[in-house]
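One structure is given below, encoded as structure tokens.
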Amino acid sequence: MSKNTTDTYWMKKALSLAMKGTGTVSPNPRVGCVIVNRFNEIIGTGFHQAYGGPHAEIIAIRSLKEAADGATMYLTLEPCTIHGKTPACAPVVCDLGLSRAVIGSIDPNPQVAGRGVQMLKDSGVDVTMGVGTKEANWLIRSFKKFITTGLPYVTVKVAQSLDGGIASSTGVSKWISSEESRKEVHALRGEVDAVLVGKQTALIDNPQLTVRELKGRNPLRFVFDRNLTLPHYLHIFTDSEHSKTIVCCAPSMKNSEKAKELAKLGVRVLPVPIDKKGNFKIIEFLGILSDQFFVSHLLVEGGGAVVSAFAQAACIDEFQLFVAPFLFGAPKSMATLPVALSPDEASKYSIVEHKKSGADLHIIAVKTDSGKEFSERMF
Ligand code: AOF
Ligand code: ZN
């Protein structure tokens, strides 16, 4: 194997290890590490497993079967140089006597931002960058937004028909997409910290918003219901996860009878500022999510009014779009309120992935300025 092929092979392994931290490390990044000796044999592995716990490289170092001098470390994110909940990793890595380090991403945390790589270089380690970088960037996309802006990364999931309808003329939108697509959506729920739906979606679809088709932890469930009019028989209020349901209401409803009834059911009520038209202020809502609930990645699951509100506030970082090959004929599209008056003013997104998902087409698009960080991923 050439050096390039070997690097790609081991970095791919480090990336799969990093994935194992999905759902448990947020809002910290998912990070994986593989240490390989001079005979190209694996001698240590690790991944960041829990928020506040030891970092990937420390776990890999603890697992070492032999001394790591002369070895190569494959690390999806550069080692940190700060003492946070755990001591800085870079000095520990420098002490190993590695001959090489292959690093996926530069840490977007402004307190690190390249200093880990510099420390390795200064201690004589030969550092290679650019292997698996797009994949590594993808793994930490929500961490990057959270650590640089203090706001959660917003993914909007939409299942729609060929003619752009998210619901039929009768308003029904449940089961619009194939079984495979639903599995993908459940995987997404396992990856994010919170999901959000609007009142109409909660009422008409009565969704559970849990991870069921595969293993994963359930996200918090937020629902927009300004006047707390949703009926209490809904799954989100009655199932075993109801303590993870948070109903967002107008501040004036905070101490209402309806709020007290929900509290009795064990469901939390969250007052969110509203604008002059009576709509929730989306940026303020996102601030509350990160400050009070530690949410670094939010999945908006519809419907049209909520997606429109996020689109108007220019708060959508990513679309996960499932296009089902049928025609509704009475399309209610995902964004029903005006967002742009001309193509020039439209928010621009780049497609970073497109694939068949059962009978559907699954498209992932991100804001154009971050598109180049992830596009044409190699695995
Ligand atoms: C992680 N896991 O494997 C790496 C991280 O508070 P701490 O000590 O957990 O440090 C968090 C910072 O460490 C985080 O903001 C990021 O910059 C850096 N790298 N974090 O949680 C890891 N390598
Ligand atoms: Zn660290």
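Atoms within a ligand are numbered from 1 in the order they appear, just like the ligands themselves. Atom set for the values below is all heavy atoms of this structure, side chains included, hydrogens, waters and symmetry mates excluded.
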Side-chain donor/acceptor pairs under 3.5 Å, residues 83-92, sequence neighbours excluded:
unit_1 : atom_1 : unit_2 : atom_2 : d
Lys85  : NZ     : Tyr51  : OH     : 2.9
Thr86  : OG1    : His55  : NE2    : 3.4

Hphob cluster co-occupancy, Leu188 + Ile140, side-chain heavy atoms under 4.5 angstrom: no
Leu270 CG to Ile246 CD1 distance, which is reported to the nearest 0.5 Å: 7.5 Å
Sum of protein N, O or S atoms, each under 2.8 Å from the Zn ion (ligand 2): 3
Check: Ser99 and Arg38 side chains under 4.5 Å, non-hydrogen atoms: no
Aromatic ring pairing Tyr349/Phe319, orientation class (parallel under 30°, perpendicular over 60°, tilted between): perpendicular
Check residues 24-32 and write down every donor-acceptor pair under 3.5 Å in which the side-chain atom is one partner and the other belongs to a residue at least two apart or another chain.
unit_1 : atom_1 : unit_2 : atom_2 : d
Thr24  : OG1    : Gly21  : O      : 3.1
Thr24  : OG1    : Gln49  : O      : 2.7
Ser26  : OG     : Asp193 : OD1    : 2.6
Ser26  : OG     : Asp193 : OD2    : 3.0
Ser26  : OG     : Ser296 : OG     : 3.1
Arg30  : NE     : Leu139 : O      : 3.3
Arg30  : NH1    : Thr22  : OG1    : 2.9
Arg30  : NH2    : Leu139 : O      : 3.2
Arg30  : NH2    : Glu191 : OE2    : 3.1

Atom pair CG (Leu298) and CD (Glu318), whose distance is rounded to the nearest 0.5 Å: 11.5 Å
Distance-only polar pair, side chains of Ser347 and Lys367, donor-acceptor under 3.5 Å: no
Ring centre gap for His242 and Phe237 strictly below 6.0 Å: no
Report every pair formed by an N or O atom of ligand 1 and a protein N or O atom separated by less than 3.5 Å, giving atom names and the distance to 0.1 Å.
unit_1   : atom_1 : unit_2 : atom_2 : d
ligand 1 : 2 (N)  : His48  : ND1    : 3.4
ligand 1 : 2 (N)  : His48  : NE2    : 3.4
ligand 1 : 3 (O)  : Ala56  : N      : 3.0
ligand 1 : 6 (O)  : Lys85  : N      : 2.8
ligand 1 : 8 (O)  : His55  : NE2    : 3.4
ligand 1 : 8 (O)  : Lys85  : N      : 2.8
ligand 1 : 8 (O)  : Thr86  : N      : 2.8
ligand 1 : 8 (O)  : Thr86  : OG1    : 2.9
ligand 1 : 9 (O)  : Asn28  : ND2    : 3.3
ligand 1 : 9 (O)  : His55  : NE2    : 2.8
ligand 1 : 10 (O) : His55  : NE2    : 3.3
ligand 1 : 15 (O) : Asn109 : ND2    : 3.0
ligand 1 : 17 (O) : Asp107 : OD1    : 3.3
ligand 1 : 17 (O) : Asp107 : OD2    : 2.4
ligand 1 : 17 (O) : Asn109 : ND2    : 3.0
ligand 1 : 20 (N) : His55  : NE2    : 3.4
ligand 1 : 21 (O) : Asn28  : ND2    : 2.9
ligand 1 : 21 (O) : His48  : NE2    : 2.9

